[in-house]
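Below: one structure, written as structure tokens.
Heads up: numbering here begins at 1 and tracks the sequence. Computed from a predicted structure; not experimentally measured.
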Amino acid sequence: MQRKVKTASLVREEDAVYCYLLSAIPHTEVPMTRLYRYVASLAIVFSLAQAPPKAQAADAISGHIVMAAIPVGAFATAYLKNDKEGEKQFVRNLLANQLLNSTLRLAFNYTGLGRRPNGNGYGFPSGHVAFAGAGASFLEERYGWQYGVPAWLLTGYVAWVRVDNNDHHARDVIAAAALAYGIGKLFVTPENATHLAPVIGPDWIGLRWERSW
């Protein structure tokens, strides 16, 4: 049965950024539970709402768009692959990423690290780069470097825009990328993971080989 595509829009008039998030994609298989889809959409919308209110240049606008496109593309990739476990891992990875990033920004806000080059606060680590990096780390860990490398290059572009527009110091974006990479390692497993482990019995020794598909 063919399903209709529904879209929800997030309009940031002050940034002139229009981000369209897919809430449903045509698929021949039964999708993940609606709860995980709603959680993923809410996490993405909440993170986008933290963007600074004023775009300084055209590249700042493109930086916002690319920042949103990476995690949206990562979730869409898992969905189109019918990777239900991947969809769940994406949600857990993104939520952990944003929770830890927000906690660190609050913790460092009243220190020298929290001060941005433009004088504003909550600068360390970069929320934009952490958000984009959540999608990049998921793609790399789950589906390999073929997906991860392009996503990390786009994340690097987001980092460059933030530093170039004096929204962040280099340390802010580097810390955010490292944070996203580390959380991805903890919360995401490869789609086709292979495990080899020794097995010891009462009077025998062997190896156990496992592979997930």
(request) Would you kindly confirm whether Y122 and L100 end up in one hydrophobic cluster when ILVMFWY residues are joined by side chain heavy atoms under 4.5 Å apart? (result) no
(request) Before accepting this row, confirm whether a basic side-chain N of the pair D172/R162 lies closer than 4.0 Å to the acidic partner's carboxylate O. (result) no
(request) Could you tell me the separation between the CD1 atom of I65 and the CG atom of L154, rounded to the nearest 0.5 Å? (result) 12.5 Å
(request) Heavy atoms only: give me the nearest S126-A176 pair and the separation to one decimal. (result) O-CB, 3.2 Å
(request) Please work out which of the three classes, parallel, tilted or perpendicular, describes the rings of W152 and Y181, given edges at 30° and 60°. (result) tilted
(request) Report yes or no: does Q89 contribute a side-chain atom to a donor-acceptor pair with the main-chain N or O of T189 at less than 3.5 Å? (result) yes
(message) What I'd like to find out is whether the side chain of R115 reaches to under 4.5 Å of the side chain of H169, using heavy atoms alone.
(response) no
(request) For a ring pair (Phe, Tyr, Trp, His ring centres under 6.0 Å) with F138, tell me which candidate from F90, F75, F187 qualifies. (result) F90
(request) Pick out which of L179, N93, T155, L186 makes a side-chain contact (heavy atoms from CB on, under 4.5 Å) with S137. (result) N93
(message) For a quick check under 3.5 Å, do R116 and H168 share a side-chain donor-acceptor pair by atom type?
(response) yes
(message) What I'd like to find out is whether the side chain of N82 reaches to under 4.5 Å of the side chain of K84, using heavy atoms alone.
(response) yes
(request) Count the heavy atoms belonging to other residues, nucleotides or ligands that lie under 6.0 Å from OH of Y157, then report whether that count exceeds 12. (result) yes
(message) Taking side-chain contact (heavy atoms from CB on, under 4.5 Å) as the criterion, tell me which of L95, N97, T103 meets it with L99.
(response) T103
(request) Establish whether W145 and L153 are linked, either directly or via other cluster members, by ILVMFWY side-chain heavy-atom contacts under 4.5 Å. (result) yes
(message) Can you give me the closest heavy-atom contact between E141 and V188, atom names plus distance?
(response) CB-CG1, 3.6 Å
(message) Can you tell me how far apart NZ (K88) and CG (D83) are? Round to the nearest 0.5 Å.
(response) 10.5 Å
(message) Once rounded to the nearest 0.5 Å, what's the spacing between atom CG of N192 and atom CZ of R142?
(response) 8.0 Å
(message) Whether the side chain of N165 engages the backbone of D167 through a donor-acceptor N/O pair (distance < 3.5 Å, no angle test) should be reported.
(response) no
